[in-house]
Amino acid sequence: PLSRSPRNRWLKIPDDEKGYELDLFCVPKHYEEDLDRVIIPHGLIMDRTERLARDIVRDMGGHHIVALCVLKGGYKFFSDLLDYIKALNQNCDKSVPLTVDFIRLKSYCNDQSTNSVKVIGGDELSTLTGKNVLIVEDIVETGRTMETLLSLLSECNPKMVKVVSLLVKRTPRSSGYRPDYMGFEVPDWFLVGYALDYNEYFRDLGHICILNEKAKVKYKV
């Protein structure tokens, strides 16, 4: 199991969380019939992201970090997290020199996580040899996708690897893997929004919401 500082905490969304009615928020008109409710409003996402940035600078400040974005879902979280880290770099005594890189992983067909993990851009991981790597992911579900990536990375002998994920799903299918930093622990629901997609739809939704069953059929490929 991963060792963890007791300061690296997360916000737990309980299984009986009712969320918020859609009409309390600005939701794109074209998605109004596709969502059950808002679970994590955009403002709360941003507040947690700001705190994660502070924790990362606290722990990794002084090291040159390669921030590795897991596309496509991670791009929004990655961008906002780096903006907060840059702000801290400008205004704090401790700072983190940053460069960025990107990788794409594919493990979904419709709403089911597949057993196989497709890595796109894996050949370029060799450039991370001897580097301090911060992997930025949108959601950890079973954990197997991230374990695959970490296994591939270990073959390249990076100096240090830390993982930050905005969401970690509470599911019986979990391998038990936990990232070093996590924003929210969420129930075993299919979530969309804030760049989380369903067959490429809903990346343009600002809040994290529950997808309804009708929409799963509507957008199925």
- Message: If you apply the rule side chain to side chain contact (heavy atoms under 4.5 Å, CB included), what do you find for Val66 with Val100, and how did you get there?
- Response: CA-CA 5 Å; Val66 178; Val100 301; over 6 Å; no
- Task: Please report the closest heavy-atom contact between Asp15 and Trp189, naming both atoms and the distance.
- Result: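 For Asp15 versus Trp189, the nearest heavy atoms are O-CZ2, 3.4 Å.
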- Task: Over all heavy atoms of both residues, which pair between Asn212 and Glu33 is shortest? Give the atoms and the distance, please.
- Result: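 Minimum heavy-atom separation between Asn212 and Glu33: ND2-O, 2.9 Å.
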- Item | Point-to-point distance, once rounded to the nearest 0.5 Å, from OG1 of Thr49 to CZ of Arg54 |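 Taking OG1 in Thr49 and CZ in Arg54, the distance rounds to 14.0 Å.
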- Message: Quick check for you: to the nearest 0.5 Å, what is the distance between Met182 atom CE and Arg48 atom CZ?
- Response: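 Spacing of CE (Met182) from CZ (Arg48) equals 9.0 Å.
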[X] and [Y] ion-paired at < 4.0 Å:
| X | Y | answer |
| --- | --- | --- |
| Arg178 | Glu185 | yes |
| Arg170 | Asp188 | no |
| Arg51 | Asp55 | yes |

- Message: So for atom CD, which belongs to Glu21, do other residues, nucleotides or ligands contribute more than 12 heavy atoms lying within a distance under 6.0 Å?
- Response: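 Atom CD in Glu21 is not packed in, count stays at 12 or less.
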- Query: Going through the checks in order, is the side chain to side chain contact (heavy atoms under 4.5 Å, CB included) test met by Leu166 and Ile45?
  - Reply: CA-CA 8 Å; Leu166 178 65; Ile45 297 168; 4.1 Å; yes
- Any pair counted as ring pair (Phe, Tyr, Trp, His ring centres under 6.0 Å), so long as it reaches residues 15-40, sequence neighbours left out: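 Qualifying pairs: Tyr20-Phe25, Phe25-His207, Tyr31-Phe202.
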- Starting from the C-alpha separation in whole Å, work towards a yes-or-no answer on side chain to side chain contact (heavy atoms under 4.5 Å, CB included) for Arg104 and Val70. CA-CA 5 Å; Arg104 186 175 174 194; Val70 180; over 6 Å; no
- For the rings on Tyr198 and Phe190, is their centre-to-centre separation under 6.0 Å?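 Yes; Phe190 has its ring centre under 6.0 Å from that of Tyr198.
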- Query: Given the side-chain rings of Phe102 and Phe78, with only the six-membered ring counted for Trp, is the space between their centroids under 6.0 Å?
  - Reply: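 Centroid separation for Phe102 and Phe78: below 6.0 Å.
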- Message: Under the criterion side chain to side chain contact (heavy atoms under 4.5 Å, CB included), I'd like the reasoning laid out for Ile103 against Leu71: C-alpha separation, chi angles, the key distance, then a yes or no.
- Response: CA-CA 6 Å; Ile103 191 170; Leu71 297 169; over 6 Å; no
- Task: Could you name each residue pair satisfying side chain to side chain donor-acceptor pair (under 3.5 Å) that touches residues 153-166, not counting sequence neighbours?
- Result: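 Checked against side chain to side chain donor-acceptor pair (under 3.5 Å) - neighbours excluded - no pair reaches residues 153-166.
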- Within the side chain of Lys131, is there an N or O that forms a donor-acceptor pair under 3.5 Å with the backbone of Thr127?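 Answer holds: yes.
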